[in-house]
Structure formats: C-alpha cells, structure tokens
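Below is one structure, written out as structure tokens, with a few remarks after it.
All chains are named by letter (A, B, ...) in the order of the sequence lines, taking the proteins before the strands, and each is independently numbered beginning at 1.
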Amino acid sequence: MQSGEIHKYRTHTCGELRASNTGSVVRLSGWLRNRRDHGGVYFIDLADHYGVTQVIIAPGTASYELLSGLPKETVIRVDGMVVARDAGAINPGMVTGEIEVRVTEAELLGTTEPVPFSVFPESQVPEDLRLTYRFLDLRKSKMHANILLRSRIIASIRRRMVDLGFVEYQTPTLTASSPEGARDFLVPSRRHPGKFYALPQAPQMFKQLIMVSGFDRYFQIAPCYRDEDSRADRSPGEFYQLDLEMSFVTQDDVFKAVETLLAGLFTEFRADRPITATPFPRIPYSEAMLKYGSDKPDLRNPLVIQDLSEMFRESTFRAFAGKVVRAINIPGGAGKSRTFFDKLEEQAKGGGAAGLAWLTVEADGSLKGPVAKFLTPETAERLKSECSAGVGDAVIILADTEVAKMCRILSGLRDNLGRQLGLIEENVYKCCWIVDFPMYETDDDGKIAFSHNPFSMPQGGLDALNNQDPLTIKAFQYDIVCNGYELSSGAIRNHQPEIMYRAFEIAGYQREEVNSRFKALINGLKYGAPPHGGIAPGVDRIVMLLADEPNIREVIMFPMNQNAEDMMMNAPNTVRPEQLRELHIRVVEPPTKKPAEQA
RNA sequence: GGGGACGUAGUUCAGUUGGUUAGAACGCCGGCCUGUCACGUCGGAGGUCGCGGGUUCGAGCCCCGUCGUCCCCGCCA
C-alpha cells in the first residue's frame with residue numbers, strides 16, 4: 001500500500017482481523033460465501049483464501065441496496081470499521097469470531113451466475129460436475145485444505161531432500177519413446193515427418209545419466225506421463241514422483257535415505273498417527289505373495305495366508321490333491337453365518353476360483369463344514385496347527401493350479417475380510433519394503449520378459465544371467481508399501497554394459513536393438529558409469545495418505561476423469577485441420593466406434 | 001477389452017404391488033424479520049424421471065438396448 005492511500009482492494013485478508021483490530025477502518029475483498037438477512041440487520045460471511053470474516057450492513061444504506069440482492073459467490077469489496085462483538089454474539093468457532101466489520105461502503109467486483117452446486121454449505125456433489133466446475137469445487141474448505149497440504153508437503157520434501165544432501169535437477173519432458181513399460185503419450189514432430197517425441201513415463205534414463213555425468217544425489221519432483229487406465233489411487237495421464245538417484249550406493253543406503261525422509265515427513269504432517277519405526281521391515285517378494293497374496297500388502301490387516309499344498313500333496317481329496325492349496329484363518333469365524341461364507345465363495349468365484357472350502361473349529365476341536373468329511377483326523381489336526389486355528393475360528397481354503405490367480409483372489413479375500421470384520425488397525429501408517437523382486441517373468445505368450453525395470457542389476461550379476469534359470473534370478477529391485485499402497489519402486493541399477501546386453505538378450509533384445517532403443521543409456525554406461533541406484537515415491541499417493549483421502553483426485557487440483565478427459569478444459573479435443581497438416585498427421589477413425597462428440 | 005454399482009428439479013434424496021396432478025430439503029426469485037453465523041418465516045418459479053425401444057388399459061417403477069459417471073479386473077518396465 002502506498003503511504004496515505006488505501007489499497008484498491010484490501011487492507012487486510014478475510015482471515016486476519018482480531019479483537020486487537022477493533023476501531024480500525026479496513027477494506028476487505030472476497031466472496032459472498034453466505035448471508036443472513038434479518039431485515040433490521042444484514043450479515044455476510046465474506047471469504048477469501050485466508051479465512052472468513054462476518055461483515056454487517058445496516059438496512060436503508062446504499063451498501064444494503066447493493067449487497068442484499070447479490071447471490072452467493074459474488075465477489076465484493078467492503079469498507080468499514082472493525083467492531084468488537086457483544087459477548088453473546090461472539091462465535092468461538094471462527095478465528096475472526098470476536099469481531100465483525102460494520103460496512104460503510106461496498107463495491108461489486110465480480111458477478112456470478114447461480115452456482116451449479118453449493119460451495120457453502122459443502123454438500124455431496126457428483127464428481128463429473130465437480131470436475132467440470134473444478135474452480136468452484138476448489139473453493140470448498142476441504143479441497144482448499146488438501147491442496148494447501150499438498151503444497152506444504154512438497155515444500156517439506158524439498159527441504160528434507162536438500163538437508164539429506166540431494167540436489168534438484170530438471171530433465172526434459174519432450175523425449176524419446178522407449179520400449180517396455182506403459183503406453184506412451186506421443187507428440188508429433190513438425191520438423192520430422194513421421195517421427196514422434198514421447199512424454200517421459202519417468203525421467204529414468206536421464207537420472208541415470210545424471211549419475212554418469214558425475215553428479216550425485218539427484219532429486220526432482222518430476223511429472224510422469226503414462227497412458228494407462230485409472231484407479232482410485234492412480235490418476236490417468238500424469239502424476240508426480242519424488243524421483244531420486246544416488247551414486248556409489250548399496251540398496252541399504254537408498255533405504256536409509258528414504259526411511260529418513262518418509263518417517264520425518266509423515267511425523268511432521270501426521271504427528272497423531274504412528275508410523276512404522278525405522279528401519280522398515282523388509283519382506284521378500286516371494287514371502288509377500290505367499291503370506292498376503294500381494295506385493296503391496298496392507299500390514300494393518302493381521303490376517304495371513306497359509307500354504308497347505310504340502311499336506312494335501314498325497315491327499316485322497318481330489319479337489320485339493322496335488323494343487324496349490326492356501327488358507328486364511330478367520331479368528332472367531334465359526335460364529336459366522338452360512339451366508340457369510342457363501343458371499344466369500346461368490347467373491348472367490350468372481351475372481352476365477354473353482355470354489356471356496358470353509359471349515360469351522362467346533363467347541364470339541366472337531367472341524368465342521370462342507371469338506372470336513374474328506375479330511376482324515378491327522379489332516380484335520382495338522383490343518384488347525386498350520387493355520388493356528390483354535391476353537392471358534394474358521395478356515396477358508398482355496399485350491400488351484402494357477403498360483404498368480406490364486407494370490408489375487410486370496411489378496412482380495414484378505415482385504416475384504418479385514419475390512420468386514422473391522423480388523424484393520426486405524427490411525428496408523430504401516431510401512432515395509434518389498435525386496436528381491438524377480439528379474440524376469442513369463443509374459444502372455446510364455447516368453448521371458450522383464451518383470452520390473454529392465455535397468456535393474458540382477459542379483460548374482462553376469463554369472464546369474466549366464467548360469468541360472470532366468471525365472472529364478474532376483475533383482476536388486478524394491479518397492480516401499482504403506483497401508484496397502486505402493487508408494488514407490490526403485491532399484492540398484494545395472495551399470496555394466498556387458499551385464500546389460502546379457503540381461504536384455506534373455507528378454508529377447510539383441511545387441512543392436514539395445515544400442516538403438518536405449519542408445520543414450522547404453523552409451524553412457526560405456527564411458528565410466530558409477531554403481532548407482534534410486535527410487536521414486538509417488539507424491540500424489542503420499543499426499544493422499546497424509547490427507548487421509550481414499551481417492552487420489554481429492555489431492556490433485558485439476559485431475560482428469562476415469563476416461564482420461566479433462567472435463568473442465570475439454571481435453572482431449574480435435575484440432576484444426578491445418579495443425580494436423582503441419583504435423584503430417586492424418587486421423588483414421590476406428591471402424592466400429594462413432595467419432596467422439598464435438599464439444 | 002471385461003465385471004459391478006449408480007442415473008428422478010440447479011444440488012442432495014424420497015417415490016408403496018405398475019394406478020389419478022412425481023414430493024421434501026438446500027439453492028434460486030419475491031415478501032416479512034435488529035444478533036445471526038447451516039438464521040428463522042411466508043409465498044413463487046423450477047421436472048422429456050439419462051436416452052431409445054418394448055410389455056401393459058396404464059411405466060419413474062417391469063423387460064431389452066444404449067449413453068454417462070464411479071469402483072474393480074486386464075493394463076501400470
């Protein structure tokens with residue numbers, strides 16, 4: 001504000017005035033969030049980014065004439081004097097509740113049409129409407145708080161990373177497509193007909209080359225673009241990772257840095273919620289799949305899966321014999337109704353199971369249930385002991401030949417049971433590392449493919465690649481999981497060209513193809529690459545966990561919907577024919593589907 | 001690509017066994033009201049029951065199709 005002259009819009013914000021300001025003449029601007037007209041006295045809740053202040057207007061004045069007819073969410077400016085409220089009129093629920101501003105003059109700054117949904121009071125609104133009018137949705141206090149929390153978290157991450165000795169570097173967002181991974185978003189080149197840039201799925205090769213360049217301890221809040229379908233915890237199109245990479249490190253060094261960061265960050269923002277003490281438990285991938293059926297187990301859920309394949313190997317019970325047999329003990333499950341188990345079976349069948357067996361442990365220790373008669377007394381005893389099932393418990397059992405499918409079903413049952421029975425520990429962050437991921441898996445055609453990042457160092461190095469069954473080779477590849485969310489994925493990288501060529505050869509890439517597709521990285525490795533490794537925690541998911549939101553769109557300002565459309569901006573959209581011509585692009589409509597509606 | 005849930009006023013919802021003119025609250029418009037803060041109060045406007053077809057004397061309700069949103073599987077090195 002210039003000396004002696006009042007600012008055009010405001011002397012204070014709407015969250016600022018206190019009893020100590022009583023007597024001051026002030027100017028406020030903001031949104032008419034709510035109003036209460038008592039005829040003889042007219043109140044407005046004036047709101048801005050900082051808070052809400054009650055202003056009071058006397059009838060019969062020019063200000064009343066102007067303000068009384070305005071709809072909610074109109075933008076106005078008011079001048080007036082700060083007055084202390086009478087004791088009985090103080091609102092302890094508002095930080096500005098001890099005062100109000102008695103309006104002497106008012107100005108209309110921005111008109112509004114009737115809002116398509118209520119900004120205040122905040123009510124439930126269909127999400128497509130919220131996304132179309134996101135600028136209104138973001139005015140609501142919960143969304144406003146989430147976005148501010150996000151900002152503070154990111155600021156804290158940067159501060160903490162710098163304190164840990166990391167340096168922030170930027171990398172390009174127009175780069176080259178590379179095989180492996182998700183589908184790319186492509187950007188056509190005007191100057192190179194038929195050629196395309198790709199938006200980076202992650203700055204993977206760049207960050208490795210930053211290490212090769214002799215920098216160390218890189219980090220970046222990096223935008224990542226992947227053309228994959230959305231989930232509640234996965235925003236379609238783009239998201240942000242805290243991308244980091246370190247030179248001359250072992251897996252343990254990376255773990256230590258990330259544990260320090262996350263434990264500090266979570267404690268800073270959720271002091272009310274204990275987080276797993278560091279070092280976080282390390283669970284081998286194979287153990288996670290066995291015990292939880294998932295590589296992102298929610299450790300707040302105490303239920304575990306038990307493998308019973310061995311005890312049924314020679315069984316005369318044909319449904320189990322020779323198959324992979326796995327079970328979950330449900331404490332107190334014997335008291336559950338037939339319907340309860342039928343619903344579990346329905347869920348299992350929905351996932352592709354042939355059926356679901358269940359047994360209850362009766363008061364005399366005997367087993368009861370549809371398959372009980374097929375079990376010998378010895379088997380029954382062994383089953384109870386292996387599942388730690390006691391009197392009053394129930395055991396559900398699945399048998400199948402496809403282990404992967406079975407894990408998925410059991411994981412779903414475990415999640416569902418945990419929720420349904422209220423077993424999930426609340427108000428706590430349970431973190432763990434999943435380690436020793438397999439280097440390879442078989443793809444749909446039965447071919448050997450990378451199961452994770454192709455740039456990971458195989459455990460055992462070249463020797464393992466040359467002499468081991470590829471499917472048994474583990475990688476220095478790790479995930480960090482919190483409350484069932486995969487927070488990040490990382491690896492110690494393969495920094496030796498010969499091991500890299502061999503690793504790709506096993507996945508079906510010849511040397512020439514590696515040279516052309518991964519030219520920059522393989523070249524870099526040939527000129528003195530340091531051993532290095534890193535990880536990339538998902539920023540959106542971290543915010544989601546700290547904000548306690550079940551949906552990632554609640555912590556993103558302008559998210560796309562499930563069909564990867566921005567309903568506010570109307571993206572994607574058609575472009576002018578001359579733009580296409582310039583880019584040497586011709587659109588070929590899919591044969592069956594009708595062209596998308598023009599907006 | 002597949003499975004599920006939902007779709008009634010601007011918004012949130014109700015709507016009986018298929019039966020006359022589809023209701024309520026909030027919002028909007030117009031009154032009244034000097035202490036509210038989710039103000040109260042009186043009145044008013046506002047509906048192609050997502051869309052299309054079918055069954056029926058009669059459909060918001062039943063059947064088929066379709067569209068949209070969300071959740072899940074596939075996908076996500």
Run A/E228 and A/R183 through salt bridge (charged side-chain N to carboxylate O under 4.0 Å, His left out) and show every step you take. CA-CA 7 Å; A/E228 58 195 1; A/R183 291 187 190 89; over 6 Å; no
Classify [X] by what it touches in the nucleic acid, base, sugar-phosphate, or nothing, heavy-atom distance under 4.0 Å.
{"X": "A/R33", "result": "nothing"}
{"X": "A/Q201", "result": "nothing"}
{"X": "A/F43", "result": "base"}
{"X": "A/E127", "result": "sugar-phosphate"}
{"X": "A/S451", "result": "sugar-phosphate"}
{"X": "A/P454", "result": "base"}
{"X": "A/L129", "result": "sugar-phosphate"}
{"X": "A/R493", "result": "nothing"}
{"X": "A/R35", "result": "sugar-phosphate"}
{"X": "A/N91", "result": "base"}

Side chain of [X], heavy atoms from C-beta onward: which of [options] has the nearest atom to it?
{"X": "A/R85", "options": "B/rC37, B/rU69, B/rC70", "result": "B/rC37"}
{"X": "A/P71", "options": "B/rC29, B/rG74, B/rG35", "result": "B/rC29"}
{"X": "A/D37", "options": "B/rC37, B/rC33, B/rG10", "result": "B/rC33"}
{"X": "A/D128", "options": "B/rC75, B/rG35, B/rU69", "result": "B/rU69"}
{"X": "A/V41", "options": "B/rC73, B/rG10, B/rU34", "result": "B/rU34"}
{"X": "A/F120", "options": "B/rA38, B/rC76, B/rU36", "result": "B/rA38"}
{"X": "A/K72", "options": "B/rC70, B/rG27, B/rC72", "result": "B/rG27"}
{"X": "A/R408", "options": "B/rG74, B/rC33, B/rU36", "result": "B/rG74"}
{"X": "A/N34", "options": "B/rA38, B/rC75, B/rU36", "result": "B/rA38"}

With no hydrogens and no angle check, is any side-chain donor or acceptor of A/N34 less than 3.5 Å from a backbone partner on A/F120?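 The answer is no, because no donor-acceptor pair under 3.5 Å joins these two groups.
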N/O donor-acceptor pair under 3.5 Å between A/N561 side chain and A/N563 backbone: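 Present.
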Considering only atom C1', compute the distance from B/rC70 to B/rG50 and round it to an integer number of Å.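 Rounded to whole Å, the distance is 16 Å.
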What interatomic distance, in whole Å, is found between C1' of B/rG58 and the corresponding atom of B/rC62?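 One C1' to the other, the span is 13 Å.
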Ignoring backbone atoms, test whether A/N551 places a side-chain nitrogen or oxygen under 4.0 Å from the OP1 or OP2 oxygen of B/rC71.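 Yes.
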Considering every strand shown, what is the Watson-Crick or G-U wobble mate of B/rG74 when both distances are under 3.5 Å?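 Checking every strand shown, B/rG74 finds no partner, since no pair has both distances under 3.5 Å.
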According to the Watson-Crick and G-U wobble definitions, with both distances under 3.5 Å, which nucleotide is paired to B/rG44?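 Its partner is B/rC28.
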Between A/F504 and A/F518, what is the ring plane arrangement, given parallel below 30°, perpendicular above 60°, and tilted in between?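 Tilted.
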With salt bridge (charged side-chain N to carboxylate O under 4.0 Å, His left out) as the rule and sequence neighbours excluded, what pairs involving residues 506-517 of chain A come up?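 Every salt bridge (charged side-chain N to carboxylate O under 4.0 Å, His left out) pair that includes a residue of residues 506-517 of chain A, provided the two are not neighbours, is A/E498-A/R511.
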